[in-house]
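These notes are about the structure you will find just below.
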Amino acid sequence: MVDVVLSCSGLEKSYQDGANSVKVLQGVELALEQGERIAIVGRSGSGKSTLLNLLGGLDTPTAGEVLVSHKSLSRMGERARSQWRNRQLGFVFQFHHLLPEFTALEAVAMPMRIGGEAKGAAQERAAMLLDRVGLSERVSHKPAALSGGERQRVAIARALANKPGCVLMDEPTGNLDPESAELVLNLIESIDWGDTAFIIVTHDPKIAEKMDRQLVLESGCLSDLPRALV
């Protein structure tokens with residue numbers, strides 16, 4: 001039986017705009033299975049990034065619940081939620097968010113060190129991950145010495161550092177030139193990352209069509225995208 005690594009039920013998010021309440025998400029339901037890769041598409045402003053932040057425990061819902069590896073994020077305190085997020089989730093954003101003072105090796109090892117892994121073991125796995133994303137010769141380089149595509153590949157390796165159940169990606173190729181974007185797409189598609197599942201928010205149909213499932217966020221609701229539209 002395939003395990004569900006991330007799910008949400010009745011997920012809602014509203015914001016106050018003066019005296020008005022603006023509902024961004026309403027009743028979102030999702031279950032992501034171990035090793036599954038899904039794409040979420042939708043027009044700009046539809047709430048895709050908001051949904052990803054809720055699924056990753058970076059924001060709190062107005063209503064509903066998110067379960068990560070069968071544990072409710074909303075029932076945890078902030079410290080426990082941060083620790084669980086560190087162990088169970090990886091994140092890749094449109095911008096790499098690499099700290100300028102750290103080398104690629106140090107950046108990838110950082111989530112493991114935060115989680116309590118010994119320095120030697122963390123750096124050994126970091127070197128292995130950088131090799132898998134084609135950056136074995138860049139381990140000692142800092143972000144300023146890396147291209148945009150290389151920085152994003154470091155970010156992908158960092159997201160996978162703690163062998164998370166799920167990696168959340170928000171427009172991972174949106175800030176890259178076409179050649180670099182193709183390299184990142186090939187990484188996502190072709191490398192066997194084991195049981196790790198992926199949720200990818202994207203405007204790129206090339207990415208969406210290569211995922212196991214395609215979902216569309218529209219009018220605050222998440223539904224299957226007809227294959228003819230992918």
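For S74, the side-chain hydrogen bond (donor to acceptor under 3.5 Å, both in side chains) test picks out S72, with sequence neighbours left out. When the salt bridge (charged side-chain N to carboxylate O under 4.0 Å, His left out) test is applied to R81, the partners found at least two apart in sequence or on another chain are E78. With sequence neighbours left out, the side chain to side chain contact (heavy atoms under 4.5 Å, CB included) criterion links Q83 to R79, R87. Every residue meeting the side chain to side chain contact (heavy atoms under 4.5 Å, CB included) condition with K163, not counting sequence neighbours, appears here in chain and number order: R125. N186 meets the side-chain hydrogen bond (donor to acceptor under 3.5 Å, both in side chains) test with no other residue; sequence neighbours excluded. Applying the side-chain hydrogen bond (donor to acceptor under 3.5 Å, both in side chains) rule to D204 yields no partners; only residues at least two apart in sequence or on another chain are considered. Scanning for salt bridge (charged side-chain N to carboxylate O under 4.0 Å, His left out) contacts around E106 gives an empty result, with sequence neighbours left out.
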Kindly list each side-chain donor-acceptor pair under 3.5 angstrom involving residues 128-142, sequence neighbours excluded, with atom names and distances?
| unit_1 | atom_1 | unit_2 | atom_2 | d |
| --- | --- | --- | --- | --- |
| R132 | NH2 | D192 | O | 2.8 |
| R138 | NE | E150 | OE2 | 3.2 |

Mind listing the side-chain donor-acceptor pairs of residues 39-59 below 3.5 Å, one per line with the distance, residues two or more places apart or on another chain?
| unit_1 | atom_1 | unit_2 | atom_2 | d |
| --- | --- | --- | --- | --- |
| S46 | OG | R43 | O | 2.8 |
| K48 | NZ | G42 | O | 2.9 |
| K48 | NZ | R43 | O | 3.2 |
| S49 | OG | D170 | OD1 | 3.4 |
| S49 | OG | D170 | OD2 | 2.8 |
| N53 | ND2 | S49 | O | 3.4 |
| D59 | OD1 | K13 | NZ | 3.4 |

For residues 23-32, which side-chain donor-acceptor pairs fall under 3.5 Å, sequence neighbours excluded?
| unit_1 | atom_1 | unit_2 | atom_2 | d |
| --- | --- | --- | --- | --- |
| Q26 | NE2 | S219 | O | 2.8 |
| E29 | OE2 | G10 | N | 2.8 |

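Taken from CD in E124 to CG in L105, the straight-line distance is 11.0 Å, to the nearest 0.5 Å. With values rounded to the nearest 0.5 angstrom, I199 atom CD1 is found 5.0 Å from L6 atom CG. Taken to the nearest 0.5 Å, the CD atom of E36 stands 12.0 Å off from the CG atom of D3. Considering OG of S82 and CE of M76, their distance stands at 10.5 Å, rounded to 0.5 Å. Atom CZ of R151 is separated from atom CG of L176 by 10.5 Å, given to the nearest 0.5 angstrom.
Relative ring orientation between H97 and F93 is described as perpendicular, the plane-to-plane angle rising above 60° on a 0-90° scale split at 30° and 60°.
Note on L98: it clusters hydrophobically with V167, by side-chain heavy-atom contacts below 4.5 Å among ILVMFWY residues. The hydrophobic cluster containing L222 does not contain I207, counting ILVMFWY residues as joined when their side-chain heavy atoms lie under 4.5 angstrom apart, directly or transitively. Residue V201 is not grouped with residue V184 when hydrophobic side chains (ILVMFWY) are merged at heavy-atom distances under 4.5 angstrom, including chains of intermediate members. With hydrophobic clusters built from ILVMFWY side chains whose heavy atoms lie under 4.5 angstrom apart, M169 does not share a cluster with L183.
Using a 4.5 Å cut-off between side-chain heavy atoms of Ile, Leu, Val, Met, Phe, Trp and Tyr, L99 falls into a hydrophobic cluster with F102, M110, I114.
When all heavy atoms of C166 and V5 are compared, the closest pair comes out as CB-CG2, 4.4 Å. Residues P164 and A159 share a closest heavy-atom pair of CG-O, 3.3 Å. Here the closest heavy-atom approach between residue P111 and residue N162 is recorded as O-ND2, 3.2 Å.
Counting only residues at least two apart or in different chains, salt bridge (Lys or Arg N to Asp or Glu O under 4.0 Å) contacts with residues 108-117 are absent.
Counting heavy atoms from C-beta outward, I200 and R37 have side chains that stay 4.5 Å or more apart.
The main-chain N or O of V68 is found under 3.5 Å from a side-chain atom of W84 such that the two form a donor-acceptor pair. Between the side chain of T202 and the backbone N or O of A208, no donor-acceptor pair lies under 3.5 Å.
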